[in-house]
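What you are looking at is a predicted structure, and each value in this text was computed from that prediction instead of being measured.
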Amino acid sequence: MDGNGRWAKQRHRPRSFGHRAGQKAVRSTIESCVKRGIDVLTLFAFSSENWQRPKAEVGALMELFLKALDREVDELHGYGVRIRFIGELSAFAPALHERMQRAMDKTQANGKLALNIALNYGGRWDIANAAKEVTLAIQRGELSAEAIDERSIAPFFCLADLPPVDLFIRTGGERRISNFLLWQLAYSELHFSDVLWPDYDEACLARALEDFAQRERRFGKI
Ligand code: FPP
């Protein structure tokens with residue numbers, strides 16, 4: 001979800017204004033996904049690198065996440081959305097961490113859209129974390145080092161219980177993955193949009209899905 005800052009700058013407003021507008025685009029995208037029967041939506045809301053932004057911006061984003069959690073969880077639960085947060089969540093303030101856990105517990109039995117929100121997430125962190133978990137499994141005697149292959153380590157990555165990622169969308173004009181789901185994106189189709197995230201609407205999503213529908217997916221075969 002890239003482009004909040006530039007969207008605000010174009011309007012001579014602070015970056016936090018762009019993040020607040022971005023939140024509306026999050027809401028409308030979730031609604032579009034529910035409406036279209038999309039099974040899984042994973043949003044990159046805060047990367048491991050985003051802590052390096054000015055303190056005030058990080059604070060404003062945290063405040064936004066907290067308020068969004070308080071305001072939106074019940075409605076999402078009503079839609080049948082299952083919320084999950086991925087990333088190193090222990091780094092967040094206890095109040096925020098606790099609310100995230102509560103949202104996950106409350107919605108865990110829901111079967112409509114699986115909504116994953118990546119917070120303090122990095123694809124390299126995910127890989128390092130999987131390596132740690134694999135090592136611990138070996139120490140516990142549940143896995144042998146000789147048995148390590150792609151299939152045996154796959155369950156240790158975030159979102160392992162969900163189908164492979166079909167489509168990656170990045171808004172805001174950059175053509176980069178920027179440390180999002182590195183392992184999980186191995187065979188995903190990549191779609192880049194120049195639209196700044198706060199302007200991302202149903203028509204943009206429809207364009208991305210049409211683009212996806214044109215792709216021929218061979219998964220390395222001919
Ligand atoms: C990237 O734009 C966006 C972010 C770092 C924050 C994303 C957060 C939201 C959309 C707010 C709401 C989210 C939830 C889940 C409630 P940028 O600031 O890097 O924009 P720029 O590239 O134009 O500077």
Side-chain angles (χ1 to χ4, degrees), residues 1-10 13-27 29-30 40-69 83-101 103-104 115-134 153 156-160 162 165 167-186 188-200 208:
M1 301 186 285
D2 201 7
N4 294 349
R6 277 165 287 161
W7 187 91
K9 196 169 177 208
Q10 286 171 357
R13 302 293 298 266
R15 295 176 58 83
S16 54
F17 181 70
H19 295 316
R20 279 201 301 279
Q23 198 183 327
K24 294 195 186 117
V26 168
R27 183 180 240 274
T29 301
I30 294 171
V40 186
L41 172 68
T42 304
L43 299 171
F44 202 3
F46 194 85
S47 74
S48 325
E49 293 75 31
N50 285 153
W51 295 109
Q52 291 157 33
R53 294 189 173 201
K55 231 176 149 183
E57 183 176 348
V58 172
L61 272 169
M62 294 301 144
E63 176 94 27
L64 204 76
F65 296 145
L66 252 178
K67 286 200 177 138
L69 271 170
I83 304 172
R84 192 188 303 181
F85 295 94
I86 58 166
E88 195 158 16
L89 304 180
S90 58
F92 292 103
L96 187 51
H97 195 184
E98 208 178 278
R99 281 195 188 59
M100 290 182 209
Q101 194 56 52
M104 289 195 272
L115 172 66
N116 308 307
I117 302 175
L119 283 174
N120 195 22
Y121 177 87
R124 289 177 174 175
W125 166 82
D126 198 350
I127 293 170
N129 190 59
K132 187 162 78 187
E133 295 297 330
V134 166
I153 68 168
F156 296 92
F157 287 86
C158 289
L159 312 181
L162 296 171
V165 179
L167 175 62
F168 162 98
I169 302 174
R170 182 179 185 143
T171 66
E174 309 287 1
R175 267 81 178 143
R176 282 194 293 275
I177 292 173
S178 294
N179 203 16
F180 197 28
L181 304 161
L182 298 178
W183 170 274
Q184 297 84 341
L185 290 180
S188 307
E189 297 297 328
L190 307 181
H191 175 90
F192 297 97
S193 163
D194 290 332
V195 173
L196 302 177
W197 176 252
D199 290 329
Y200 203 81

**Q.** Ile127 and Phe157, any side-chain heavy atoms less than 4.5 Å apart
**A.** yes
**Q.** Any Asn116 side-chain heavy atom under 4.5 Å of Leu162 side chain
**A.** yes
Q.
According to side-chain hydrogen bond (donor to acceptor under 3.5 Å, both in side chains), who are the partners of Ser188, at least two apart in sequence or on a separate chain?
A. none
Q: Please identify each residue that fulfils side-chain contact (heavy atoms from CB on, under 4.5 Å) with Leu66, with sequence neighbours left out.
A: Leu96, Arg99
Q | Closest approach of Gly173 to Asp194 (non-hydrogen atoms, all atoms of both residues) | A | CA-OD1, 3.4 Å
Q) Are any non-hydrogen side-chain atoms of Met1 and Thr29 less than 4.5 angstrom apart? A) no
Q: Could you tell me which non-hydrogen atom of Ala103 sits nearest to which non-hydrogen atom of Leu69, and how far apart they are?
A: CB-CD2, 4.0 Å
Q.
Among residues at least two apart in sequence or on other chains, which ones pass side-chain hydrogen bond (donor to acceptor under 3.5 Å, both in side chains) with Glu133?
A. none
Q. For Phe65, which residues count as a ring pair (Phe, Tyr, Trp, His ring centres under 6.0 Å) partner, sequence neighbours excluded?
A. none
Q.
Is the shortest side-chain heavy-atom distance between Leu181 and Val165 below 4.5 Å?
A. yes
(Q) To the closest 0.5 Å, what do you measure between CD1 (Ile117) and CD1 (Ile86)? (A) 10.0 Å
Q.
Applying side-chain contact (heavy atoms from CB on, under 4.5 Å), can you list everything that pairs with Glu88, at least two apart in sequence or on another chain?
A. Ser90, Asn120, Trp125
Q. Which residues pass the side-chain hydrogen bond (donor to acceptor under 3.5 Å, both in side chains) test with Trp7, sequence neighbours left out?
A. Asp199
Q.
Taking side-chain hydrogen bond (donor to acceptor under 3.5 Å, both in side chains) as the definition, give me every residue that meets it alongside Gln184, ordered by chain and number, with sequence neighbours left out.
A. Asp126
Q: Could I get the full list of side-chain contact (heavy atoms from CB on, under 4.5 Å) partners for Ala25, not counting sequence neighbours?
A: Trp197
Q: Using the test side-chain contact (heavy atoms from CB on, under 4.5 Å), find all partners of Arg170 that sit at least two apart in sequence or belong to another chain.
A: Asp2, Phe168, Glu174, Arg176, Ser178, Phe192
Which side-chain N or O atoms in residues 56-63 pair as donor and acceptor under 3.5 Å with protein atoms at least two apart or in another chain?
residue	atom	partner	partner atom	Å
Glu57	OE1	Arg15	NE	2.7
Glu57	OE2	Arg15	NE	3.1
Glu57	OE2	Arg15	NH2	3.3
Glu57	OE2	His19	NE2	2.8
Glu57	OE2	Arg53	NH1	2.8
Glu63	OE2	Lys67	NZ	3.4

Q. At their closest point, which heavy atom of Ile169 faces which heavy atom of Ala208, and how far apart are they?
A. CD1-CB, 3.7 Å
Q.
Just to verify, what does Phe92 make a ring pair (Phe, Tyr, Trp, His ring centres under 6.0 Å) with, not counting sequence neighbours?
A. Trp51
Q: Nearest 0.5 Å please: distance from the OG atom of Ser47 over to the OH atom of Tyr121.
A: 11.5 Å
